[in-house]
2 protein chains.
Amino acid sequence: MRLNQATDYAFRAVLHLSRLPRGKVVEARLIAEEEHIPMRFMLKILRLLSRAGIVESYRGVGGGYALAKSPAEITMKDVVEAVEGPVHINRCLIAPEECNKRNTAKCSVHKALYSIQQAINDKLKEYDFETLSKS
Amino acid sequence: MRLNQATDYAFRAVLHLSRLPRGKVVEARLIAEEEHIPMRFMLKILRLLSRAGIVESYRGVGGGYALAKSPAEITMKDVVEAVEGPVHINRCLIAPEECNKRNTAKCSVHKALYSIQQAINDKLKEYDFETLSKS
DNA sequence: TTTATACTATACTTGAATAGTATACTTTGG
DNA sequence: CCAAAGTATACTATTCAAGTATAGTATAAA
């Protein structure tokens, strides 16, 4: 059970932007270089963050990326969901028809997993990037 | 971020054994059939559970598997770790040399992930199979 | 003591996912 | 209009998950 590399890169990119003055626009190339992230992959991830409303992009000469809101309003949960979609700890919680018992609702293991999943989401929500950028 | 299929099967197998009278030995084939788990895969998983001291195996005619301890002493964490190894939410927490910032200890994101990982482990430990088998 | 049963060990296979790359295109400031 | 910077989409290589196969070992019972 692990977060993927793209999510890790996304954390770094958002943290990077959070440490800049509000509204500051920087090129993907610069973030990629400073955070040691492969450039093309960085662009791909930034597009995901952009689509999720976490960053804003500016095209053309002098373009780049900036945070779309204040760091305090961005949590680790937002970033995880932007990159890998919502956390689903067990496939049955997404697709009950795949549950080999066909009784997810009554299965105590799945109820427990659901509660664990909730705990993970709550915990991810606790961390915002203003706090992270200052600690 | 998700648990794998083998872990899901393992939960079912342990739950199955937990519902039987203490010490009762059943063949892998029966567990596999009743829980809709591919037989060969079930054997593989049961070996992992056996190696972790969660179940005991008996070879030869009349052999099979039984729990190695009482259901109350087996938690979801035990089963997860038996099948997929310890929970590591982010690769940097396992292999700091892979961290592209090379400063895991000082990185606030990694500290946050570590605390989330702890929370997951604590939560997994809360659920034992006696409780699960009765709810 | 042979035989059928049931677990063990290890290696193999297939398909999907991860991580990253490439090509062609669009927008924009100077 | 052109160079810089992001966008869209498709491709590739490697790894991992999930499952299968083959050969072997232990044991109860006939």
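In what follows, chains are A, B, ... by sequence order, proteins preceding strands, each numbered from 1.
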So does [X] get a side-chain nitrogen or oxygen closer than 4.0 Å to the phosphate oxygens (OP1/OP2) of [N]?
{"X": "Ser57(A)", "N": "dA5(D)", "result": "no"}
{"X": "Ser50(B)", "N": "dC7(C)", "result": "no"}
{"X": "Tyr58(B)", "N": "dT8(C)", "result": "no"}
{"X": "Tyr9(B)", "N": "dA17(D)", "result": "no"}

From [atom1] of [X] over to [atom2] of [N], roughly how many Å is that when rounded to an integer?
{"X": "Leu43(A)", "N": "dA19(C)", "atom1": "CG", "atom2": "C1'", "result": "15 Å"}
{"X": "Ile45(B)", "N": "dT8(C)", "atom1": "CD1", "atom2": "P", "result": "14 Å"}
{"X": "Asn4(B)", "N": "dT18(C)", "atom1": "CG", "atom2": "C1'", "result": "16 Å"}
{"X": "Leu3(B)", "N": "dA18(D)", "atom1": "CG", "atom2": "P", "result": "10 Å"}
{"X": "Glu27(A)", "N": "dG29(C)", "atom1": "CD", "atom2": "P", "result": "15 Å"}
{"X": "Leu46(A)", "N": "dG20(C)", "atom1": "CG", "atom2": "P", "result": "14 Å"}
{"X": "Arg2(B)", "N": "dA17(D)", "atom1": "CZ", "atom2": "P", "result": "12 Å"}
{"X": "Met42(B)", "N": "dT20(D)", "atom1": "CE", "atom2": "C1'", "result": "15 Å"}

Tell me whether [X] contacts the main-chain N or O of [Y] through its side chain, where contact means a donor paired with an acceptor under 3.5 Å.
{"X": "Glu35(A)", "Y": "Ala13(A)", "answer": "no"}
{"X": "Thr75(B)", "Y": "Lys125(B)", "answer": "no"}
{"X": "Thr131(A)", "Y": "Tyr127(A)", "answer": "no"}
{"X": "Ser50(A)", "Y": "Leu46(A)", "answer": "no"}
{"X": "Glu84(A)", "Y": "Met1(B)", "answer": "yes"}

Starting the side chain at C-beta, find the nucleotide from [options] nearest to [X].
{"X": "Gln5(B)", "options": "dG19(D), dC7(C), dG6(D)", "result": "dG19(D)"}
{"X": "Val61(A)", "options": "dG19(D), dT28(C), dA19(C)", "result": "dT28(C)"}
{"X": "Arg47(A)", "options": "dA6(C), dT7(D), dT8(C)", "result": "dT7(D)"}

Looking at Arg40(A) and dT23(C), is any side-chain donor or acceptor paired with a base atom of the opposite kind under 3.5 Å?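 A donor-acceptor contact between them is present.
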Please work out if Gly60(A) contacts a base, only the sugar-phosphate, or nothing of the nucleic acid, heavy-atom cut-off 4.0 Å.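 Base contact.
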When the nearest nucleotide of DNA chain C is assigned to Lys44(B) and to Met39(B) on a heavy-atom basis, which residue is associated with the more 5' position?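 Whichever sits nearer the 5' end wins; that is Met39(B).
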